[in-house]
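Here's the structure we're looking at; comments come further down.
Throughout, protein chains are lettered first and strands after them, A, B, ... in sequence-line order, and every chain is numbered starting at 1. Computed from a prediction, not measured in an experiment: that's the story for all the values here.
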Protein chains: 2
Amino acid sequence: MSEGVGEGLRVAGLAHRVPDLGALELLLAVARLGSLGRAARELGITQPAASSRIRSMERQLGVAMVDRSPRGSRLTDAGALVTDWARRIVEAAEAFDAGAQALRGRRDSRLRVAASMTIAEYLLPGWLMALRAQRPDTAVSLLAGNSAAVAQRLLADEADLGFVEGLTVPTDLDAVVVGHDRLIVVTAPGHPWARRRTPLPAQELATTPLILREEGSGTRQVLETALGGLARPLLELSSTTAVKSSAVSGAGPAVLSELAVGEELSARRLVSIPVAGVRLDRALRAVWRRGHRPTGPGRDLLGLTRG
Amino acid sequence: MSEGVGEGLRVAGLAHRVPDLGALELLLAVARLGSLGRAARELGITQPAASSRIRSMERQLGVAMVDRSPRGSRLTDAGALVTDWARRIVEAAEAFDAGAQALRGRRDSRLRVAASMTIAEYLLPGWLMALRAQRPDTAVSLLAGNSAAVAQRLLADEADLGFVEGLTVPTDLDAVVVGHDRLIVVTAPGHPWARRRTPLPAQELATTPLILREEGSGTRQVLETALGGLARPLLELSSTTAVKSSAVSGAGPAVLSELAVGEELSARRLVSIPVAGVRLDRALRAVWRRGHRPTGPGRDLLGLTRG
DNA sequence: CCTCGCTCATAAACCCAGCTTATGCCGTCA
DNA sequence: TGACGGCATAAGCTGGGTTTATGAGCGAGG
């Protein structure tokens, strides 16, 4: 959401307008199974509970979503649409859950992971979901920190596998590149750069004021290294989200990690501007204590990170 | 306790492991404002309520997220991570809300939109959020249906602005292209195609078994038109989500709308395979009754769709 | 030095959303 | 026609989240 200056009209929070996760899960189950009762059974509740919950969701949204019949229930057109939107919420919640369970860091974990923030934020939940899909009984614990902290954990044998971003590999660790954090230049679709047919010269990027994170942030450092020390800020903002929404609303070109803008790119709220002559990315590496390449669950996870 | 019918260990649903939306919103507010009390005030609840809610969320997740001090509250490292994951859920909920409010279709709407499913599902929520940001008092109503239904609504003057996908423009309507639904070929990163340096020949695409939606679906039709009538299914699945997860888990190459896989592409769970010699896209058009180009809020929305 | 002002925590009482159990109605199929 | 599956309704219970009221820690300023 945009920075809420002057709220003006007091509107009840999102939570009062959006059904809770349980209701959304139920809706997805009804869509999949074609019956309130079966959906209820799958979720471990009774049929009247499901019936009432769907009904109250319809009342809350003001839309009939389910066509009831004595032979089952099918979604209405509106219901199908709502279900598609709901699926996104539930998917985000699944990623949250996968991450949070690892973060809980139980002592009995069979795999202890230490990861830098970018990786933990964007990539690890997906990997953990995939790992859970293929090895459901693997308990993973996660510790997030900077590269030095990751290295320290590994060397102290408090973690089995680490993930770091950046140019250098900490000493006494073995590493393999598992991906790249590509910075990309993005603008709103209306910006002149969006109509270019040729890549933007690095020189022009360096001399144009950009929407950037504050000095010292990881992406800012990568950008300034690539440009040779200079970057002109048009705006300096303190969160990736803020940079993103400024760019979407057309304030100017921004430089952001590709990981942060997948959704915006595919919906064309932002467009990516190719740039010639600079490598705006940094390697993402899996690391482990020299000579102790992970086995078992760690090896499984490592496999997932490379496809 | 719920009884474990069927699936071995019965695991409580997501809703019991993920904090509800209200708690996540609160967490974001705490992160932004640096104080439980201020966050409480912003959300219109009391400070003890916020305190207790954050505490119970920490208990639920088993992670300390907030460092309390007499001068305010800051997130811990783990808390920052949880907050980033939470933000995705909240963003999806905001899109849901924007769509659902329009779907409610109140009679007093100042702008009545009719849209086809793909557009309503993927693009419209974003447009509506943008519209709300720049014109907060515009009430929009939405009706979703196929192209014929959209045309009918417009011609009956029951809608002010329509959106359709497909090759043809219904008669008696004016239209402007607002985007493209690009189908792309995707595979898991480990697939041989992912290592190609040259675009895939259309011929090879046509002769390779693919993971596809069922016959008759929109994307399947576009693909078969582009390929000249033939497509070999490796798997035929009935939902985009199912196709996507099969592809992610490496079952084979799939053809999907770019709109459906933004997230998977940026996280490299899927990679896009360029194809030579076929146009795998269909135009997305805004349409209106001939000679009645929208004014006012309709014009605003139209502006947003083109950047 | 002491008090004000901000922070957060605790305790008790309240309320309502959502659950269960029990029942009824409707349509389909053998 | 009776059994079955599907949904709706009603009554009663429970718990999580809320409020009000209060207390305690820390810093700033008269």
Inset, instruction - Look at the rings of W85(A) and F96(B) and say which category their plane angle falls in: under 30° parallel, 30 to 60° tilted, over 60° perpendicular. - result: perpendicular
Is any side-chain heavy atom of [X] less than 4.5 Å from a side-chain heavy atom of [Y]?
| X | Y | value |
| --- | --- | --- |
| R55(A) | R68(A) | yes |
| L21(B) | I89(B) | yes |
| L61(B) | R104(A) | no |
| M57(A) | V66(A) | no |

Counting heavy atoms from C-beta on, name the nucleotide in [options] closest to the side chain of [X].
| X | options | value |
| --- | --- | --- |
| A49(B) | dC7(D), dT19(D), dG6(D) | dT19(D) |
| S51(A) | dT19(D), dG17(D), dA8(D) | dA8(D) |
| P48(B) | dA11(C), dC8(C), dT9(D) | dA11(C) |
| S35(B) | dT21(C), dG6(D), dT7(C) | dT7(C) |
| R41(A) | dT20(C), dG6(D), dT20(D) | dG6(D) |

Answer yes or no: does a side-chain N or O of [X] lie under 4.0 Å from OP1 or OP2 of [N]?
| X | N | answer |
| --- | --- | --- |
| T46(A) | dC19(C) | no |
| S52(B) | dT18(D) | no |
| R38(B) | dT7(C) | yes |

Inset, instruction - Please step through side-chain contact (heavy atoms from CB on, under 4.5 Å) for the pair E42(B) and R32(B), ending with a clear verdict. - result: CA-CA 11 Å; E42(B) 177 171 278; R32(B) 183 157 38 82; 2.8 Å; yes
[X] [atom1] to [N] [atom2]: how many Å, rounded?
| X | N | atom1 | atom2 | value |
| --- | --- | --- | --- | --- |
| I54(B) | dG17(D) | CD1 | C1' | 14 Å |
| R59(A) | dA17(C) | CZ | C1' | 10 Å |
| H16(A) | dG17(D) | NE2 | P | 12 Å |
| Q47(A) | dA22(C) | CD | C1' | 12 Å |
| R68(B) | dA9(C) | CZ | P | 5 Å |
| E58(B) | dC8(C) | CD | P | 12 Å |
| R71(B) | dT7(C) | CZ | C1' | 10 Å |
| R55(B) | dT18(D) | CZ | P | 15 Å |

Inset, instruction - Just do the side-chain contact (heavy atoms from CB on, under 4.5 Å) check on E263(A) and R269(A) with the steps written out, would you? - result: CA-CA 8 Å; E263(A) 177 89 9; R269(A) 285 198 295 275; 3.7 Å; yes
Legend entry - Nearest-nucleotide comparison on DNA chain C, the residue closer to the 5′ end among I45(A) and G72(B): G72(B)
Inset, instruction - Extract the stems that DNA chain D is part of, considering only consecutive pairing runs of at least three Watson-Crick or G-U wobble pairs, both distances under 3.5 Å. - result: C:1-30 with D:1-30
Inset, instruction - Take T83(B) and M65(B) through the side-chain contact (heavy atoms from CB on, under 4.5 Å) test and state the conclusion after the steps. - result: CA-CA 9 Å; T83(B) 302; M65(B) 293 188 297; 6.0 Å; no
Inset, instruction - Could you check whether D67(A) gets within reach of a base, just the sugar-phosphate, or nothing at all, counting any heavy atom under 4.0 Å? - result: nothing
